[in-house]
There are 2 protein chains.
Amino acid sequence: MTSSAPEPEGARPVPPPQRRPGGRSARIRRQVLDAVLAELGEHGYDGLTVDSVAARSGVHRATVYRRWGDVGGLLADVLDAAGDDAWQPPDTGSLEGDLAALNREIQDALVAEPPIVAALIAASFRSEQADHAQRRLWEDRYARCEVIVRRAVERAELPLGTDARRLLIAATAPVYHQLVLLRTPPGPDLPGQAARTAALAASAGAFAVPPPAGDT
Amino acid sequence: MTSSAPEPEGARPVPPPQRRPGGRSARIRRQVLDAVLAELGEHGYDGLTVDSVAARSGVHRATVYRRWGDVGGLLADVLDAAGDDAWQPPDTGSLEGDLAALNREIQDALVAEPPIVAALIAASFRSEQADHAQRRLWEDRYARCEVIVRRAVERAELPLGTDARRLLIAATAPVYHQLVLLRTPPGPDLPGQAARTAALAASAGAFAVPPPAGDT
DNA sequence: TCACTACTGCGACAATTGGTGCGTTAAGAT
DNA sequence: ATCTTAACGCACCAATTGTCGCAGTAGTGA
């Protein structure tokens, strides 16, 4: 072991990379992430290469490889950045209205041109890193949506003990399923119908959680 | 335009290549398709390369490139071959039972090890060809499942004019959504709960089609 | 049985992509 | 203003992907 790291001024075993999120780095990051989105929209999930991203962003290939490692790193960063917004679920005053509005947002995002969101979902299958980032994003989004169910319970539209997550998944899954996996043209009012179905099942108590054993 | 194609013995604009689907070609095809599935299970959707498939199958790279062109062609052929079976939806005697059994089959296929079905779904995003083959397979499967709804209608479990496709999608979408897109560990009885929810909404008439205008 | 030819295997080739040392630039602190 | 060093650009190499010409093998029909 050579004492190549004397560290004269105290213990700093892993000198925190002392990130410099200042001007240049931040600018480069934005350029690269924008390029990733643009490439995704243009060439789809698997047309995404480090080379093309570097070329479009005007940043050198080597820089991208060093900071992001590979395509998975790029996607993960894009997904993490996508979660850093102030998005809030719609608030229309009724459960079905909220779910329908939410589903319309989802459908709009999935059928938008260029299909960036759809490509992002597909691309996140390509690497472990992107996969984890994608899961974090899903988790964050569905967690934010739980307020929809809480409001409905407060309005006495739903029974206490309604499983918010299951209800939200039941309401949104058909939209994702049809637009992402099945890839069939959506029916006339896919968002509204899915919302209506879920709200109907919910008010019938389909998402009641079993009362926890031992509760008074 | 030069008359460079004299064709003395009648019109044969494109002499059909006179395919030979005989013994050797069929054997090669099976070897290659089996290798695709094995590679998908081992290295996942994007570990699938023409090279690895050729190596595993014992068929030469050039042959694979010639017959299938690229990875998309391989996936499309696998998907088309997957549709050539005699699969029938379960028949348990009740709508909810049928849907639950169907969902269990889906869950089993998606969580199986190695995750061939999940990898196949993810991989089909990689090419136009595979995408089309995948859509054909979805269409075929859901069409075969419509008998579940027909039987339920005959048993008077459901009102006439129930939209079979929408009901089936509502019942199965949560399973696909959670296992393929969200990739969260499934709850204790995901298949059964999704089936119960859909059956409940269905019996409440959530999937009734609007009576066609002009009907008596 | 024999000729015909579609199909396959082989090896070599160009093109693209993934990844890495090294010198230079510029952000952040004194 | 100037120093330190994280971050960048250039050049280069290694690995992979995709294609082609040619010779050999094996279905197919006569």
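Just so you know, these numbers use all the heavy atoms, side chains as well, and skip hydrogens, waters and symmetry mates. Order of the sequence lines sets the chain letters (A, B, ...), proteins ahead of strands, with each chain counted from 1.
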**Message:** What is the separation between atom CD on B:Q31 and atom C1' on C:dC7, rounded to the nearest whole Å?
**Reply:** 14 Å
**Asked** Who pairs with A:R183 by salt bridge (Lys or Arg N to Asp or Glu O under 4.0 Å), at least two apart in sequence or on another chain?
**Response** B:D131
**Prompt:** Strictly by modelled atom types, are A:R144 and A:Q88 linked by a side-chain donor-acceptor pair under 3.5 Å?
**Reply:** no
**Prompt:** Roughly how bent is the helix from C:dT1-D:dA30 to C:dT30-D:dA1 end to end, in steps of 10 degrees, with each end axis from five pairs?
**Reply:** 40°
**Steps toward side-chain contact (heavy atoms from CB on, under 4.5 Å) verdict (B:W68, B:V50)** = CA-CA 9 Å; B:W68 287 274; B:V50 175; over 6 Å; no
**Prompt:** When the distance from CZ of B:R29 to P of C:dC7 is rounded to whole Å, what number comes out?
**Reply:** 14 Å
N/O to N/O distances under 3.5 Å, protein versus nucleotides 9-11 of chain D:
{"unit_1": "D:dG9", "atom_1": "OP2", "unit_2": "A:H60", "atom_2": "N", "d": "3.0"}
{"unit_1": "D:dG9", "atom_1": "OP2", "unit_2": "A:T63", "atom_2": "OG1", "d": "3.1"}
{"unit_1": "D:dG9", "atom_1": "N7", "unit_2": "A:R66", "atom_2": "NH2", "d": "3.4"}
{"unit_1": "D:dG9", "atom_1": "O6", "unit_2": "A:R66", "atom_2": "NH2", "d": "2.7"}

**Prompt:** With the threshold set at 4.0 Å, does a side-chain nitrogen-carboxylate oxygen contact exist between A:D77 and A:R29?
**Reply:** yes
List the atom pairs, with distances to 0.1 Å, where a side-chain N or O of residues 52-66 of chain A and a protein N or O form a donor-acceptor pair under 3.5 Å, not counting sequence neighbours.
{"unit_1": "A:S52", "atom_1": "OG", "unit_2": "A:E39", "atom_2": "OE1", "d": "3.4"}
{"unit_1": "A:S52", "atom_1": "OG", "unit_2": "A:T49", "atom_2": "N", "d": "3.3"}
{"unit_1": "A:S52", "atom_1": "OG", "unit_2": "A:T49", "atom_2": "O", "d": "2.9"}
{"unit_1": "A:S52", "atom_1": "OG", "unit_2": "A:T49", "atom_2": "OG1", "d": "3.1"}
{"unit_1": "A:R56", "atom_1": "NE", "unit_2": "A:E39", "atom_2": "OE2", "d": "2.8"}
{"unit_1": "A:R56", "atom_1": "NH2", "unit_2": "A:E39", "atom_2": "OE2", "d": "3.3"}
{"unit_1": "A:R56", "atom_1": "NH2", "unit_2": "A:E42", "atom_2": "OE1", "d": "3.0"}
{"unit_1": "A:R56", "atom_1": "NH2", "unit_2": "A:E42", "atom_2": "OE2", "d": "2.7"}
{"unit_1": "A:S57", "atom_1": "OG", "unit_2": "A:V53", "atom_2": "O", "d": "3.0"}
{"unit_1": "A:S57", "atom_1": "OG", "unit_2": "A:A54", "atom_2": "O", "d": "3.1"}
{"unit_1": "A:S57", "atom_1": "OG", "unit_2": "A:V59", "atom_2": "N", "d": "3.2"}
{"unit_1": "A:H60", "atom_1": "ND1", "unit_2": "A:A62", "atom_2": "N", "d": "3.1"}
{"unit_1": "A:R61", "atom_1": "NH1", "unit_2": "A:D51", "atom_2": "OD1", "d": "2.5"}

**Prompt:** With sequence neighbours excluded, what pairs up with B:R165 under the salt bridge (Lys or Arg N to Asp or Glu O under 4.0 Å) test?
**Reply:** B:E139, B:E146
**Request:** Could you state the atom-to-atom distance from NE2 of B:H43 to P of D:dT16 in whole Å?
**Result:** 12 Å
**Request:** Flag yes if more than 12 heavy atoms outside A:R151 fall under 6.0 Å of its CZ atom; otherwise flag no.
**Result:** yes
**Item:** Sorted by number, the residues of residues 71-80 of chain B with heavy-atom contact under 4.0 Å to DNA chain C
**Value:** none
**Interatomic distance where CG belongs to B:L48 and P belongs to D:dT17 [whole Å]** = 10 Å
**Item:** A:Q134: which of A:D80, A:L120, A:L75, A:L79 passes side chain to side chain contact (heavy atoms under 4.5 Å, CB included)
**Value:** A:L79
**Asked** Would you call the rings of A:Y176 and B:H177 parallel, tilted or perpendicular, where under 30° means parallel and over 60° means perpendicular?
**Response** parallel
**Request:** Would you check if there is a donor-acceptor pair between the side chains of A:W138 and B:Q178 at a distance under 3.5 Å?
**Result:** no
**Message:** Any salt bridge linking B:D140 with B:R136? Criterion: basic side-chain nitrogen under 4.0 Å from a carboxylate oxygen.
**Reply:** no
**Asked** Over how many whole Å does the gap from A:R30 atom CZ to D:dA7 atom P extend?
**Response** 17 Å
**Item:** B:Y65, nearest nucleotide to its side chain (from D:dG18, C:dG19, D:dC8)
**Value:** D:dG18
